[in-house]
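One structure below.
A quick note: this is a predicted structure, and the numbers were derived from the prediction, not measured.
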Amino acid sequence: VHGIILIQKNMVEEAGEGKSALADPEEEVKGNWAKAIDLPEVPVSTGEEGEDMIFKTKAKLYRVKDSQWKERGSGDLKLLRDKKTKQIRLLMRQDKTLKIVANHYLMDKPFCELIPMAGSDKALMWVANDYSEGKLAEEKLSAKFQTVDLMNTFKENFNKAREFNKFLKAGDTSKLVMAPVVSEKKEEVVEKKEEVKKETLKAEPKKEEKKLQQRNYTFLLLSLIHI
């Protein structure tokens with residue numbers, strides 16, 4: 001008991017001097033941490049900085065492996081034109097992981113000839129010298145699109161780009177038609193609008209369902225009153 005009284009006495013004396021006997025946990029961790037975590041920004045290279053995007057669409061990609069079609073992933077399928085050489089290549093990355101699943105130049109016969117996929121009116125297949133896995137390999141690829149219109153738009157742009165590369169290689173510059181550059185930002189805005197539209201369509205049935213529930217509840221109350 002005497003020890004407890006002494007401790008209390010010391011605490012009162014320290015408090016009288018404007019001090020606290022109990023440490024403030026917040027005061028213990030105070031410090032200028034901004035300097036410690038202030039890291040310099042490091043530019044991230046995608047390998048696409050020296051190219052112009054002339055086409056982009058969503059697709060699901062497949063590849064023949066062990067004599068079977070196997071899915072490689074879904075994502076943005078792009079046509080990119082080199083700013084210096086003007087050559088056009090096809091590049092596709094998986095959504096979220098951004099792993100490259102297709103990477104090849106659009107070449108003349110026997111490569112890059114688009115053929116309708118058996119069993120689907122929204123898919124095309126072709127053969128290409130692909131470099132998506134770090135080494136050149138002849139691959140049989142197939143892309144499936146959300147609609148027939150998207151597939152046809154891809155086909156049109158793909159064939160124009162292939163023809164462009166053919167004239168470029170032959171040095172026939174008089175036949176070259178430069179496709180306009182597509183903005184990434186504009187594409188993002190279009191996608192967001194589509195998402196809002198989908199959410200609105202999803203919300204409308206819920207409203208109707210709620211109205212129906214209210215009507216049923218009102219009818220039930222009226223029935224009970226009459227009883």
Side-chain angles (χ1 to χ4, degrees), residues 46-48 51-82 86-169 175 177-184 186-188 190-195 197-198 201:
T46 63
E48 302 171 34
E51 297 170 298
D52 288 323
M53 184 172 69
I54 58 173
F55 179 78
K56 184 176 85 168
T57 190
K58 289 284 185 184
K60 185 178 285 186
L61 191 76
Y62 298 84
R63 174 181 68 173
V64 172
K65 198 76 173 176
D66 301 324
S67 303
Q68 290 183 334
W69 284 107
K70 295 189 178 180
E71 186 179 332
R72 295 224 69 196
S74 299
D76 288 330
L77 195 158
K78 302 178 183 180
L79 295 180
L80 303 171
R81 183 177 60 220
D82 192 283
K86 304 304 178 188
Q87 274 193 303
I88 302 171
R89 66 167 173 151
L90 180 146
L91 180 74
M92 183 170 173
R93 296 178 185 270
Q94 282 182 350
D95 282 334
K96 296 180 182 178
T97 65
L98 301 181
K99 178 186 174 183
I100 295 174
V101 291
N103 180 22
H104 65 80
Y105 284 108
L106 275 63
M107 302 169 69
D108 200 10
K109 294 180 181 179
F111 299 103
C112 300
E113 288 191 271
L114 296 178
I115 303 167
M117 190 78 173
S120 176
D121 61 347
K122 295 182 286 187
L124 296 165
M125 63 179 183
W126 67 96
V127 177
N129 276 331
D130 187 68
Y131 199 77
S132 60
E133 294 184 341
K135 59 180 181 180
L136 205 61
E138 187 174 309
E139 301 281 9
K140 184 179 272 190
L141 304 171
S142 173
K144 188 174 182 180
F145 304 88
Q146 293 176 350
T147 65
V148 175
D149 287 340
L150 285 175
M151 183 199 72
N152 288 331
T153 304
F154 165 77
K155 184 179 179 180
E156 182 184 351
N157 283 272
F158 184 98
N159 286 334
K160 283 180 179 179
R162 184 169 174 249
E163 191 174 59
F164 182 94
N165 278 356
K166 179 183 175 182
F167 293 143
L168 186 70
K169 187 178 178 181
K175 293 182 179 179
V177 179
M178 298 286 283
V181 177
V182 177
S183 171
E184 285 276 8
K186 285 181 181 178
E187 291 291 322
E188 287 171 7
V190 170
E191 285 173 13
K192 283 179 182 177
K193 284 182 180 177
E194 289 297 322
E195 285 175 11
K197 195 182 287 183
K198 285 178 183 177
L201 290 171

message: Can you tell me which residue among Ile100, Val101, Asn103 is in a side chain to side chain contact (heavy atoms under 4.5 Å, CB included) with Arg93?
response: Ile100
statement: Tightest non-hydrogen contact, residues Ala59 and Met92, listed as O-CE, 3.2 Å
- line: d(Asn157 CG, Phe55 CZ) to nearest 0.5 Å is 5.0 Å
- request: Calculate, to the nearest 0.5 Å, the distance between atoms NZ and CD belonging to Lys60 and Glu71 respectively.
  value: 4.5 Å
statement: In this structure, CD1 of Ile54 is separated from CG of Leu80 (nearest 0.5 Å) by 8.0 Å
Closest heavy-atom pair and its distance - Tyr131, Gly134: OH-O, 3.0 Å
query: Rounded to the nearest 0.5 Å, how far does OG of Ser120 lie from CE of Met151?
result: 8.0 Å
message: Hydrogens and angles aside, do Ser132 and Asp130 bring a side-chain donor and acceptor to less than 3.5 Å of each other?
response: yes
task: Give the minimum heavy-atom separation between Leu150 and Thr147, together with the two atoms involved.
output: N-OG1, 3.1 Å
- prompt: Are the side chains of Val181 and Arg81 in touch, meaning some heavy atoms are under 4.5 Å apart?
  reply: yes
message: I'd like to check Arg89 versus Glu48 (side-chain heavy atoms, cut-off strictly below 4.5 Å). Are they in contact?
response: yes
message: Would you compute the distance between atom CG of Leu124 and atom NZ of Lys122 and round it to the nearest 0.5 angstrom?
response: 12.5 Å
field: Worked check of side chain to side chain contact (heavy atoms under 4.5 Å, CB included) between Val127 and Glu138
entry: CA-CA 7 Å; Val127 177; Glu138 187 174 309; 3.7 Å; yes
field: Crowding at NZ, Lys169 (>12 non-hydrogen neighbours, <6.0 Å)
entry: no
- prompt: Is it true that Asp108 and Arg162 make a salt bridge, defined as a side-chain N closer than 4.0 Å to a carboxylate O?
  reply: yes
- prompt: Between the main-chain N or O of Arg72 and the side-chain N or O of Gln94, is there a donor-acceptor pair closer than 3.5 Å?
  reply: yes
task: Measure the shortest side-chain to side-chain distance between Phe164 and Lys86 over non-hydrogen atoms and say whether it is less than 4.5 angstrom.
output: yes
- prompt: For Lys99, which residues count as a salt bridge (charged side-chain N to carboxylate O under 4.0 Å, His left out) partner, sequence neighbours excluded?
  reply: none
message: When you compare the side chain of Leu90 with that of Phe158, does any pair of heavy atoms fall below 4.5 Å?
response: yes
- request: Output the distance between atom CH2 (Trp69) and atom CG (Leu61), rounded to the nearest 0.5 Å.
  value: 8.5 Å
message: For Gln87, is there any backbone N or O sitting under 3.5 Å from a side-chain donor or acceptor partner on Asp82?
response: no
- prompt: Charged N to carboxylate O under 4.0 angstrom, Glu51 versus Lys78?
  reply: no
- prompt: Is it true that Glu133 and Arg63 make a salt bridge, defined as a side-chain N closer than 4.0 Å to a carboxylate O?
  reply: yes
